[in-house]
There are 2 protein chains.
Amino acid sequence: MPAPSEVAQRAHRRLSDYLSRHGLKQTRQRDAILESFLDTDGHITSEELYERVRREHPEMGSATVYRTLKLFCEAGIANAHHFRDGVTLYEREGHHHEHLICTDCGAIVEFESELVEQEQDRVAKSRGFDLVGHRHILYGVCVRSDCPRRPEAP
Amino acid sequence: MPAPSEVAQRAHRRLSDYLSRHGLKQTRQRDAILESFLDTDGHITSEELYERVRREHPEMGSATVYRTLKLFCEAGIANAHHFRDGVTLYEREGHHHEHLICTDCGAIVEFESELVEQEQDRVAKSRGFDLVGHRHILYGVCVRSDCPRRPEAP
DNA sequence: AGAGGTATTGATTTTCATTCTCATTACGGA
DNA sequence: TCCGTAATGAGAATGAAAATCAATACCTCT
Ligand SMILES: [Mn+2]
Ligand SMILES: [Mn+2]
Ligand SMILES: [Zn+2]
Ligand SMILES: [Zn+2]
């Protein structure tokens with residue numbers, strides 16, 4: 001049995017806090033979903049997570065997973081992304097980063113740029129905006145040997 | 001009658017070129033849709049454009065507008081964006097720019113940053129990617145007097 | 001101009017992720 | 001343990017976009 005990482009414990013705490021602070025209830029489903037979610041690396045769809053949770057909890061409903069993932073975002077445990085249109089990908093909230101995606105094989109690489117962050121602030125301010133967030137996605141073709149490598153604009 | 005701007009003429013030429021170069025046909029619908037599209041400023045959905053085209057061409061089908069807008073993107077006449085999830089917004093292909101969006105009133109401001117462009121190249125290269133495109137969206141709250149002004153993370 | 005081989009169109013259906021409904025159940029404070 | 005909500009799960013509803021398909025419009029070649 002894997003030792004419960006501190007980061008996982010923190011997530012559990014955040015959820016509890018958020019729930020009590022909002023008069024919401026702690027349920028077996030929310031626990032189960034959080035468990036599976038924390039056990040996941042990278043980016044995952046609600047449907048994919050639903051399949052995973054389902055293995056341990058066959059009576060789980062997909063609507064509950066959709067609802068809960070949204071809740072996780074509000075609680076600061078998860079983050080939602082829309083890399084391809086039509087699907088929402090979730091990932092664990094952690095250090096801030098942007099994404100670099102291969103348009104051929106779908107590989108996702110994460111990156112950070114303090115320089116860009118500062119520039120964003122400057123731009124927003126110059127336009128009279130209070131910056132509250134941003135999304136920065138780079139599309140390219142990676143060097144993986146198994147990447148189809150057929151450049152195509154996003 | 002407004003004089004056909006050079007930029008509009010260029011769009012028509014691009015479409016013709018693309019069509020003939022791909023063995024596709026010039027149709028009254030494509031002309032009509034292009035006409036309305038060029039007559040539009042800013043960002044518009046397929047459905048919205050459909051409504052506009054429809055005023056002059058009541059027999060136009062919405063599926064045709066969807067198909068044609070996609071065609072315009074391939075022909076380099078239009079660009080697609082996904083600011084809010086679930087809808088595709090199109091705008092005329094022109095000078096390259098990014099977007100700054102008010103999370104309250106939906107106002108869209110365009111900006112450019114040579115500094116960010118360069119940084120993107122650097123980042124992609126360092127990760128072994130051939131950069132083929134990017135999307136950079138800033139979310140904030142604008143200073144418009146009629147802006148609800150209720151900050152909320154995207 | 002006319003014919004024939006495609007590409008295109010419009011109406012309609014389908015898809016598919018996500019949300020909504022609602023009857024039933026589970027929490028959790030008193 | 002009781003009670004008032006919040007939560008759940010099954011299924012229906014949404015809505016943008018894509019897919020179907022029979023009817024039509026283009027275009028090229030004679
Ligand atoms: Mn990530
Ligand atoms: Mn724009
Ligand atoms: Zn790749
Ligand atoms: Zn605003």
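In what follows, every chain begins at residue 1, and chains take the letters A, B, ... in the order their sequences are listed.
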For B:V87 versus B:T45, what's the shortest heavy-atom pair and its separation? CG1-CG2, 3.8 Å
Has A:S36 got a side-chain atom pairing as donor or acceptor with A:I33's backbone, closer than 3.5 angstrom? no
For A:H43 and A:E48: C-alpha separation, side-chain torsions, deciding distance, then whether side-chain hydrogen bond (donor to acceptor under 3.5 Å, both in side chains) applies. CA-CA 10 Å; A:H43 313 79; A:E48 286 165 354; over 6 Å; no
Which atom of B:C73 lies closest to which atom of B:Y90, heavy atoms considered: SG-CE2, 3.6 Å
Provide, to the nearest angstrom, the distance between the CD atom belonging to A:E51 and the P atom belonging to C:dA17. 11 Å
For DNA chain C, the residues among residues 55-71 of chain A that have a non-hydrogen atom under 4.0 Å from it: A:A63, A:Y66, A:R67, A:K70
Short of 4.0 Å, heavy atom to strand atom, which residues of residues 23-33 of chain A count as contacting DNA chain C? A:K25, A:Q26, A:R28
B:Y90 OH to D:dA16 P: how many Å, rounded? 13 Å
Would you mind reading off the distance between B:Y18 atom OH and C:dA7 atom P, rounded to a whole angstrom? 13 Å
Could you report the tightest heavy-atom contact between B:H95 and B:H97, atom names first, then the distance? O-ND1, 2.9 Å
Test: B:R52 and B:D39 ion pair at under 4.0 Å: yes
For B:H96 and B:H134 the tightest heavy-atom approach is NE2-NE2, 2.9 Å
Please evaluate residues A:H136 and B:Q120 with respect to the criterion side-chain contact (heavy atoms from CB on, under 4.5 Å), reporting the C-alpha separation (whole Å), side-chain torsions for both, the decisive distance (0.1 Å), and the verdict. CA-CA 10 Å; A:H136 194 184; B:Q120 290 175 159; 2.6 Å; yes
Taking A:R127 for its side chain and B:V109 for its backbone only, find out whether a donor-acceptor pair lies under 3.5 Å. no
C:dT18 phosphate, OP1 or OP2: any side-chain N/O from A:T88 under 4.0 angstrom? yes
Would you kindly give the NE2-to-P distance between A:H22 and D:dA7, to the nearest whole Å? 12 Å
In whole Å, what is the span from the CG atom of A:L19 to the C1' atom of D:dA6? 11 Å
A:L49 atom CG is separated from C:dA17 atom P, nearest whole Å, by 15 Å
Can you tell me how far P of C:dA7 sits from CD of B:E74, to the nearest Å? 15 Å
What's the CZ-P distance between A:R84 and D:dA17, to the nearest Å? 17 Å
